[in-house]
Every structure is written in C-alpha cells, then in structure tokens.
Amino acid sequence: QVQLVESGGGLVQPGGSLRLSCTASGRIISINTMGWYRQAPGKERELVASITRGGSPMYVDSVKGRFTIARDNNRNTVYLQMNSLKPEDTAVYYCNVDRIVDTFGQGHFAVWGQGTLVTVSS
C-alpha cells in the first residue's frame, strides 16, 4: 500500500512562517499531481496549492505571493512554504496526490494524508 505522511504543522504568530512536508511511501513507480488542501473549523475543505509532476504550480488567490509549493520527485515529497501567515490560514492541512502508480502497475487515486494542524495566533 501507499501512504502519505505529513509533518511541519504547529502554532505560529501572525506574520510568521511554517514549512509543511509530505512524503509518499510504499512501492511507488510514479506520482502525478501533488497538492495541499486545508479545512478550517466549520468550513469545507479547499485546495490551497498543487504542483504537477513537471513542476508547474497553482495557488488559490488567498495565498498567492505568500505560499510556495515545491516537490522533490527523487524523495517523493512535496513541500508547502508558508510565509506572512494570517489567522485566517488556521486550519488542518492535508496532503493529496491525485494518482500514484505502484510497482505492480496498480493505480491509487485520491490519496490523502492524515492532516497536520496549523494555528496562527498571537
């Protein structure tokens, strides 16, 4: 089986920075688009940023200029650098991959991590 493990969440003051990491493990041949979603209390889960296997990023408007997504294909890892954090960025952040192909040729679709909590508060 394949799985995603996130790290890097925590408590930070407004204006501060955090870096999230998400590593895919298992017998993996290839990973397609990787992304970060977030879900604040009482709100729906939303896409924050994603990056294709070739490295093309996209961002939701609310984080443009503050967040940067990157990936290391050799490490099966995606990162989210979050700068100038605001209280409204407080949420559980989830890593997502739309498709992983394992060494048996099996496709795993919509794979999610367990989530990591980011709290922005003074």
Side-chain angles (χ1 to χ4, degrees):
Q1 286 294 343
V2 297
Q3 63 176 355
L4 302 177
V5 178
E6 300 126 334
S7 62
L11 173 65
V12 63
Q13 292 185 343
S17 299
L18 281 176
R19 187 193 195 207
L20 306 182
S21 299
C22 170
T23 298
S25 63
R27 297 180 180 272
I28 295 171
I29 289 292
S30 66
I31 300 175
N32 202 22
T33 297
M34 306 182 82
W36 289 95
Y37 288 70
R38 66 186 178 187
Q39 187 166 20
K43 295 188 176 181
E44 293 186 354
R45 191 174 297 188
E46 65 168 349
L47 176 63
V48 176
S50 65
I51 186 166
T52 66
R53 180 170 178 79
S56 296
M58 74 77 64
Y59 302 93
V60 68
D61 286 346
S62 60
V63 308
K64 284 181 180 178
R66 300 188 298 122
F67 291 10
T68 301
I69 190 169
R71 65 189 285 171
D72 183 337
N73 290 332
N74 291 327
R75 297 175 187 261
N76 293 334
T77 298
V78 63
Y79 307 95
L80 186 68
Q81 177 67 43
M82 304 184 294
N83 299 328
S84 302
L85 282 160
K86 304 175 181 180
E88 51 263 43
D89 295 317
T90 295
V92 177
Y93 284 70
Y94 297 91
C95 179
N96 169 271
V97 175
D98 65 352
R99 187 184 70 165
I100 296 175
V101 178
D102 65 24
T103 55
F104 299 102
Q106 180 177 356
H108 303 262
F109 299 91
V111 183
W112 291 91
Q114 81 284 358
T116 185
L117 177 62
V118 172
T119 303
V120 184
S121 175
S122 55

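Side-chain atoms are counted along with the backbone in the values below, which use heavy atoms only and exclude waters and symmetry mates.
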Donor-acceptor contacts under 3.5 Å from residues 11-18 side chains, at least two apart:
unit_1, atom_1, unit_2, atom_2, d
Ser17, OG, Asn83, OD1, 2.9

Measuring from [X]:[atom1] to [Y]:[atom2], what's the distance to the nearest 0.5 Å?
X: Gln81; Y: Ser21; atom1: CD; atom2: OG; answer: 9.5 Å
X: Ile31; Y: His108; atom1: CD1; atom2: NE2; answer: 11.0 Å
X: Met58; Y: Thr52; atom1: CE; atom2: OG1; answer: 11.5 Å

**Prompt:** In terms of heavy-atom contacts, does CZ of Arg27 have more than 12 from other residues, nucleotides or ligands at under 6.0 Å?
**Reply:**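 No.
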inquiry  = For the CD atom on Gln1, are there more than 12 heavy atoms of other groups (residues, nucleotides or ligands in this structure) within a distance under 6.0 Å?
reply    =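 12 or below, so no.
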Is there a donor-acceptor pair under 3.5 Å between the side chain of Arg99 and the backbone N or O of Ser30?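 Between the backbone of Ser30 and the side chain of Arg99 there is no qualifying donor-acceptor contact (under 3.5 Å).
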Within a strict 4.5 Å, meaning less than it, do heavy atoms of the [X] and [Y] side chains meet?
X: Asp102; Y: Ile28; value: no
X: Val118; Y: Arg38; value: no
X: Arg66; Y: Tyr59; value: no
X: Ser50; Y: Trp36; value: no
X: Val78; Y: Ile69; value: yes
X: Arg53; Y: Asn73; value: yes
X: Asp72; Y: Tyr79; value: yes

Is there a side-chain contact (heavy atoms from CB on, under 4.5 Å) between Glu6 and Leu20 once you walk through the steps? CA-CA 7 Å; Glu6 300 126 334; Leu20 306 182; over 6 Å; no
- Task: List the atom of Leu4, the atom of Ala24, and the distance in Å for their closest heavy-atom pair.
- Result: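 What the structure gives for the nearest pair is CD2-CB, 3.5 Å.
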*Reference residue Thr33; test side-chain contact (heavy atoms from CB on, under 4.5 Å); the match among Asn96, Val97, Ile51, Asp98*: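 Of the listed residues Asn96, Val97, Ile51, Asp98, the side-chain contact (heavy atoms from CB on, under 4.5 Å) partner of Thr33 is Asp98.
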Once the angle between the rings of Trp112 and Tyr94 is folded into 0 to 90°, is it parallel (under 30°), tilted (30 to 60°) or perpendicular (over 60°)?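 Trp112 vs Tyr94 ring planes: perpendicular.
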Determine, using the 4.5 Å side-chain heavy-atom cutoff (strictly less than), whether [X] and [Y] are members of one ILVMFWY cluster.
X: Tyr37; Y: Val92; value: yes
X: Val63; Y: Val120; value: yes
X: Met82; Y: Val60; value: yes

Review point. Is Lys86 salt-bridged to Asp89, going by a charged N under 4.0 Å from an acidic O?
Key: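 Not counted as a salt bridge, because no side-chain N and carboxylate O are separated by less than 4.0 Å.
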*asked:* Is a donor from one side chain sitting under 3.5 angstrom from an acceptor on the other, for Thr23 and Thr77?
replied: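 Yes, Thr77 and Thr23 have a side-chain donor paired with an acceptor closer than 3.5 Å.
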